[in-house]
Amino acid sequence: MTRTEFGRAKGCLWLFPVIFWNGIVGGFDTILILQLVRERRARQEWVEVDATVLSSEVDVDRSGDGTTYRPEVTFEYRFEGRDHESSRHSFGTFSMGDSSYARGVVRDHPEGAQIRVLVDPEDPEEAVIDASGAAFPRGVV
């Protein structure tokens with residue numbers, strides 16, 4: 001390999017971390033976009049029904065580098081004469097280092113509460129409490 005060829009090869013080494021990083025960011029962005037599309041579809045096409053909160057608590061995870069908090073709300077609902085159960089609060093519920101969001105969700109959806117949920121008429125096993133995008137980290141939506 002001549003000095004010029006070596007210089008060209010060395011000059012391209014920066015491409016590998018750039019491609020790797022773009023793959024990670026692109027994957028994350030794809031997941032977020034798909035969740036936003038699902039929320040929009042739910043708001044436009046899903047059917048709103050009454051539901052009862054069966055349980056509501058803050059899931060605390062102390063593994064890894066710190067403590068994260070996530071709302072866990074389980075509810076039951078009736079759709080087209082059949083009973084169903086779900087624990088999907090939103091399409092983009094993330095575990096967060098700040099407990100205020102999770103605690104707010106639990107406070108707003110106490111056990112035994114009567115709430116309204118959105119149900120996918122094509123797949124009644126799919127239901128969600130909140131399709132507003134509020135669960136996404138600030139700055140994403």
Side-chain angles (χ1 to χ4, degrees), residues 1 3-141:
M1 179 178 279
R3 186 179 189 118
T4 304
E5 290 171 333
F6 179 75
R8 283 189 201 135
K10 186 178 177 186
C12 292
L13 289 178
W14 64 271
L15 280 174
F16 295 111
V18 168
I19 291 169
F20 178 75
W21 180 252
N22 284 334
I24 291 172
V25 171
F28 183 71
D29 288 349
T30 299
I31 290 168
L32 289 176
I33 289 168
L34 290 174
Q35 296 299 347
L36 290 170
V37 167
R38 289 185 76 194
E39 283 193 348
R40 182 171 185 226
R41 183 177 164 265
R43 286 191 305 269
Q44 292 176 344
E45 300 172 13
W46 289 20
V47 178
E48 193 173 29
V49 301
D50 292 319
T52 302
V53 176
L54 300 175
S55 65
S56 183
E57 61 188 25
V58 175
D59 178 47
V60 180
D61 183 1
R62 290 185 171 84
S63 64
D65 294 333
T67 304
T68 59
Y69 306 88
R70 177 185 175 102
E72 292 288 337
V73 180
T74 303
F75 56 94
E76 67 180 351
Y77 57 97
R78 189 166 190 80
F79 186 76
E80 294 183 342
R82 298 192 65 204
D83 292 329
H84 302 276
E85 189 175 304
S86 178
S87 59
R88 174 170 280 153
H89 172 262
S90 66
F91 292 106
T93 304
F94 295 90
S95 293
M96 298 181 199
D98 179 6
S99 67
S100 61
Y101 173 77
R103 293 192 194 290
V105 168
V106 169
R107 182 190 62 243
D108 294 344
H109 302 91
E111 187 174 325
Q114 297 298 305
I115 60 173
R116 300 286 285 170
V117 300
L118 293 171
V119 178
D120 184 348
E122 295 176 13
D123 182 9
E125 293 294 318
E126 289 288 322
V128 66
I129 295 173
D130 180 13
S132 69
F136 283 92
R138 289 187 181 122
V140 173
V141 180

Looking at Asp61 and Arg70, is any side-chain nitrogen of the basic one under 4.0 Å from a carboxylate oxygen of the acidic one?
no

So, taking the atom named CZ in Arg78 and the one named CG in Asp50, what distance separates them when rounded to the nearest 0.5 Å?
12.5 Å

Exceeds 12 heavy-atom contacts within 6.0 angstrom, atom CZ of Arg82:
no

List the atom of Ala131, the atom of Leu118, and the distance in Å for their closest heavy-atom pair.
CB-CD1, 3.8 Å

Step by step, work out the side-chain contact (heavy atoms from CB on, under 4.5 Å) result for Ile129 and Arg88.
CA-CA 7 Å; Ile129 295 173; Arg88 174 170 280 153; over 6 Å; no

In short, Ser86 meets Ala127 closest at the heavy-atom pair OG-O, 3.3 Å

Output, in order, the C-alpha distance, side-chain angles, deciding distance and verdict of side-chain contact (heavy atoms from CB on, under 4.5 Å) for Asp98 and Tyr69.
CA-CA 7 Å; Asp98 179 6; Tyr69 306 88; over 6 Å; no

Decide yes or no for Val119 and Glu126: does some side-chain heavy atom of the first lie under 4.5 Å from some side-chain heavy atom of the second?
no

Validation row: Val128, His89 side chains within 4.5 angstrom (heavy atoms)
no

Using side-chain heavy atoms (C-beta onward) and a distance below 4.5 Å, is Val73 in contact with Val53?
yes

Residues two or more places apart in sequence or in another chain: which of them pass side-chain contact (heavy atoms from CB on, under 4.5 Å) with Gln44?
Arg40

Residues which pass side-chain contact (heavy atoms from CB on, under 4.5 Å) with Ala51, listed by chain and number, not counting sequence neighbours:
Phe75, Tyr77, Ile115, Val117

Side-chain H-bond candidate by donor/acceptor type, Gln114 with Thr52, under 3.5 Å
yes

Search all heavy atoms of Ser90 against all heavy atoms of Tyr101 and return the closest pair with its distance.
OG-OH, 4.5 Å

Enumerate, atom names and distances included, each donor-acceptor pair closer than 3.5 Å involving a side-chain atom of residues 103-111, sequence neighbours excluded.
{"from": "Arg103", "atom 1": "NE", "to": "Ser99", "atom 2": "OG", "distance (Å)": "3.1"}
{"from": "His109", "atom 1": "ND1", "to": "Val105", "atom 2": "O", "distance (Å)": "2.8"}

Gap between atom NE2 of His84 and atom CD of Glu76 - 0.5 Å precision
11.5 Å

